[in-house]
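For reference, the structure discussed in these notes is given below.
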Amino acid sequence: ADAIIKQGGNVTLIGKPEPFIYHQILENLDDIRPQEILMIGDTIDTDVMGAKQVGIDSFLVLTGNTGNDLRSCGQSLEEYLSQKGWSNNKPTYYGDNLKEA
């Protein structure tokens, strides 16, 4: 996709965090509101940001991508979010597993 964009071509990206993918899923969930869904993921810029855009709560699993980043740089989640300019993208819940939420 990047090569096509560099050449001036048109590309439509569909996937997290684009709201389109979430809306497609929500349309297929009869009688379930976004407030009743929990997005579980390990990455802020796809999982958490995507969920926030459509009003879904999120649980950030810290045993995956973002947790690895936090451990490698020795930062708290709040420090990490601030450094990345993502302070408004704090997950609803976070921890190593759902029992900690």
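Fair warning: this is a prediction, and the values are worked out from it, not measured in the lab.
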Going through the distances and angles, do Ile40 and Leu60 end up as a side chain to side chain contact (heavy atoms under 4.5 Å, CB included)?
CA-CA 6 Å; Ile40 301 172; Leu60 179 67; over 6 Å; no
Between the side chain of Gln53 and the main-chain N/O of Pro17, is any donor-acceptor distance below 3.5 Å?
yes
Taking Asn65's backbone N and O only, do any of them form a donor-acceptor pair with Thr43's side chain (distance below 3.5 Å, no angle check)?
no
Taking all atoms of both residues into account, what is the closest heavy-atom pair of Tyr22 and Thr46, and its distance?
OH-O, 3.6 Å
Side chain Arg71, main chain Thr66, donor-acceptor under 3.5 Å:
no
Does the side chain of Lys52 reach to within under 4.5 Å of the side chain of Asn89, using non-hydrogen atoms?
yes
For Ser58 and Pro91, which heavy atoms make the closest approach, and how far apart are they?
OG-CA, 3.3 Å
If only side-chain N and O atoms count, and only distance matters, is there a donor-acceptor pair under 3.5 Å linking Thr63 with Asp96?
no
Derivation of the side chain to side chain contact (heavy atoms under 4.5 Å, CB included) call for Phe59 and Thr92
CA-CA 6 Å; Phe59 178 83; Thr92 313; over 6 Å; no
Any Val54 side-chain heavy atom under 4.5 Å of Pro34 side chain
no
Sequence neighbours excluded - salt bridge (charged side-chain N to carboxylate O under 4.0 Å, His left out) pairs with any residue from residues 74-91
Glu78-Lys90
Does the Asp47 side chain pair with the main chain of Asp42, one donor and one acceptor, at a distance under 3.5 Å?
yes
Nearest-0.5 Å distance, CG of residue Asn28 to CG of residue Asp30
8.0 Å
Hey, mind stepping through Ile37 and Leu26 against side chain to side chain contact (heavy atoms under 4.5 Å, CB included) and telling me if it holds?
CA-CA 10 Å; Ile37 298 172; Leu26 291 169; 3.3 Å; yes
Between Tyr93 and Leu38, does the side chain to side chain contact (heavy atoms under 4.5 Å, CB included) criterion hold? Intermediate values first, please.
CA-CA 10 Å; Tyr93 311 99; Leu38 178 65; 4.0 Å; yes
Roughly how far, to the nearest 0.5 Å, is the CE atom of Met49 from the CH2 atom of Trp86?
4.5 Å
For the residue pair Ile44 and Leu81, establish whether any side-chain heavy-atom pair is separated by less than 4.5 Å.
yes
Could you tell me whether a side-chain N or O of Glu36 sits under 3.5 Å from a main-chain N or O of Arg33, the two making a donor and an acceptor?
yes
